[in-house]
Amino acid sequence: MGNKVTIIGAGSVGATIANDMMATNVATEIVLIDINEQKAFGEAMDIYQGTSFGAPAIVRPGSYPDAAGSDVVVITSGLPRKPGQTRLELAQTNVDILKDITANVVPNAPDAIYVIVSNPVDVMTYVFHKISGVPANHIIGSGTVLDTARLQAELAKTFRISPRNIHAHVYGEHGDSSFVPWSLATIANNNISIYKDHCPDGDKIVFDGNCEIFEEKVRTSGAVVIKAKGVTNNAIAMAVCHIVRCIFNGAGTALTISTMMNGEYGIEDVCLSVLCIVDHDGVRGKIRNDLTEGELEKLRRSASKLKETIAAIKF
């Protein structure tokens with residue numbers, strides 16, 4: 001039985017997601033939908049013509065009725081962030097776009113799991129919860145999955161080890177109020193504070209215990225890429241492919257996706273990222289890690305910032 005994915009938005013992010021899904025055998029059928037039908041047609045044709053080098057897959061353009069039967073719908077549509085612009089400044093414009101998309105796609109794919117990628121992703125995920133009628137476990141914001149990958153990449157360089165051996169995650173908003181709960185961060189079963197003293201490369205590792213430098217790089221790296229090339233598309237596409245792959249494999253994978261908070265950590269009625277289990281039913285539930293008082297305060301501060309933005313938009 002195949003896996004069908006519909007991607008709304010054939011811009012840089014949506015098209016890269018489609019290409020990566022085809023190349024890595026995430027989906028057997030991919031439908032690209034965009035208000036610019038010619039763009040969706042061209043991207044789908046270009047990607048499909050490379051299928052002989054990857055896994056067999058159908059890649060085609062479509063309209064909203066073609067989303068019928070989708071297992072997953074990925075929403076990437078919206079204006080991109082400009083140099084110097086925050087994700088939250090995009091809010092009202094992209095919320096209006098999301099409202100139109102939701103009204104058209106959900107009736108055609110009511111049982112799909114929805115992965116929201118458009119920025120500001122936490123706000124967009126929250127709005128989708130409120131307007132779509134889709135069950136909460138079928139709504140996933142890409143959240144800080146990308147931020148976490150950026151963090152692990154930075155830590156891997158510093159500590160001279162594979163990112164796969166690093167268990168450190170970014171919590172909160174996908175944006176400026178994000179933070180890392182360092183009390184939970186481990187490298188090869190060692191807390192980050194002691195790994196240097198326990199590993200064979202300790203004399204080659206330059207680390208003075210200051211973790212803030214890693215958080216700052218995570219918060220600013222997206223803006224750095226945008227300033228340099230105009231858009232971030234490759235890493236976020238790989239992050240989304242990973243989320244969808246975790247849905248399809250059904251094993252249960254811990255990811256820092258953005259989901260609705262219902263009293264966890266004393267936070268409710270806002271979407272932000274904490275570790276959750278993702279499987280073939282979407283969001284199985286949250287992992288309630290023990291955070292320090294300082295970390296709890298940072299998470300609640302991030303929630304408050306997002307609520308301020310939500311209160312200022314109309315939906």
Side-chain angles (χ1 to χ4, degrees), residues 1-80 94-118 121 124-125 127-129 131-135 137-142 233 236-249 280-282:
M1 187 175 181
N3 295 322
K4 180 177 178 179
V5 177
T6 292
I7 300 172
I8 313 294
S12 296
V13 174
T16 307
I17 291 170
N19 186 73
D20 288 358
M21 283 187 177
M22 183 278 293
T24 59
N25 196 26
V26 172
T28 54
E29 182 178 0
I30 301 165
V31 178
L32 269 175
I33 299 174
D34 196 283
I35 191 171
N36 184 339
E37 295 179 359
Q38 192 69 16
K39 179 74 160 57
F41 170 81
E43 293 288 0
M45 176 178 283
D46 191 20
I47 294 166
Y48 179 72
Q49 288 174 346
T51 53
S52 63
F53 303 112
I58 297 169
V59 186
R60 61 188 177 91
S63 56
Y64 287 112
D66 295 303
S70 294
D71 299 289
V72 174
V73 174
V74 179
I75 299 178
T76 72
S77 294
L79 295 181
N94 284 354
V95 162
D96 292 341
I97 294 171
L98 179 65
K99 287 164 60 180
D100 181 69
I101 291 169
T102 303
N104 284 283
V105 72
V106 172
N108 288 291
D111 299 321
I113 295 172
Y114 284 80
V115 179
I116 313 299
V117 184
S118 309
V121 67
M124 301 287 274
T125 304
V127 172
F128 190 79
H129 267 275
I131 68 174
S132 68
V134 171
N137 65 306
H138 278 198
I139 302 173
I140 294 173
S142 58
N233 62 304
I236 183 58
M238 287 186 280
V240 173
C241 284
H242 182 62
I243 293 169
V244 176
R245 187 181 297 112
C246 291
I247 293 170
F248 286 148
N249 69 33
H280 53 76
D281 289 324

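Keep in mind that this is a model prediction, so the values were computed, not measured. Note: hydrogens, waters and symmetry copies are ignored here, and every other heavy atom, side chains too, is used.
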Give the intermediate values and the outcome of side-chain contact (heavy atoms from CB on, under 4.5 Å) for residues I247 and V115. CA-CA 10 Å; I247 293 170; V115 179; 4.1 Å; yes
With side-chain contact (heavy atoms from CB on, under 4.5 Å) as the test, would you mind laying out the steps for S132 and I139 before giving the verdict? CA-CA 10 Å; S132 68; I139 302 173; 4.1 Å; yes
Worked verdict on M21 versus V59 for side-chain contact (heavy atoms from CB on, under 4.5 Å): CA-CA 10 Å; M21 283 187 177; V59 186; over 6 Å; no
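Under the 3.5 Å distance criterion, with hydrogens and angles disregarded, a donor-acceptor pair is assigned to the side chains of T16 and N233.
Here the side chain of N94 pairs a donor or acceptor atom with the backbone of L79 at under 3.5 angstrom. Counting only distance, with no hydrogens or angles, the side chain of T51 and the backbone of A57 share no donor-acceptor pair below 3.5 Å. Without hydrogens or angle criteria, N3 side chain to E29 main chain gives no donor-acceptor distance under 3.5 Å. Remark: side-chain polar atoms of D34 are not paired, donor with acceptor, to backbone N or O of E37 under 3.5 angstrom.
Summarising the geometry, atom OG belonging to S118 is positioned 8.0 Å from atom CD1 belonging to I97; distances are rounded to the nearest 0.5 Å. Rounding to the nearest 0.5 Å places OG1 of T125 at 8.5 Å from CG of L98. Here the CD1-CD1 distance, from I30 to I47, works out to 7.0 Å after rounding to the nearest 0.5 Å. In this structure, the separation between CG on N19 and CD1 on I17 is 11.0 Å, given to the nearest 0.5 Å. The structure places OH of Y64 at 6.5 Å from CD1 of I33, a figure rounded to the nearest 0.5 Å. Here K4 contributes atom NZ and T28 contributes atom OG1; the two are 10.0 Å apart, rounded to the nearest 0.5 Å.
Contact between T24 and D20 at its shortest, heavy atoms only, is OG1-O, 2.6 Å. Here the closest non-hydrogen pair linking A67 and S70 is O-OG, 2.6 Å. Shortest non-hydrogen contact noted between P107 and T102 is CD-O, 3.8 Å. Scanning all heavy atoms of the two residues, the minimum distance from I113 to D281 falls at CD1-C, 3.8 Å. Closest approach of A10 to A40, counting heavy atoms only: CB-CA, 3.9 Å.
The closest side-chain heavy-atom distance from H280 to N249 is not below 4.5 Å. Between I236 and S142 there is a side-chain heavy-atom pair separated by less than 4.5 Å. For the pair V5 and D71, the minimum side-chain heavy-atom distance is 4.5 Å or more. Looking at heavy atoms from C-beta onward, I75 lies in side-chain contact with F128 at the 4.5 angstrom threshold.
Results of the side chain to side chain contact (heavy atoms under 4.5 Å, CB included) test with V74 over I243, I7, I8 single out I7 as the only residue that passes. Of the candidates N108, D100, I101, N104 forms a side chain to side chain contact (heavy atoms under 4.5 Å, CB included) with just one, namely D100. Paired with Y114 under the rule side chain to side chain contact (heavy atoms under 4.5 Å, CB included), one option of I140, V72, V106 passes, and it is V106.
Residue-environment remark: OH (Y48) stays at or below the threshold of 12 foreign heavy atoms within 6.0 Å.
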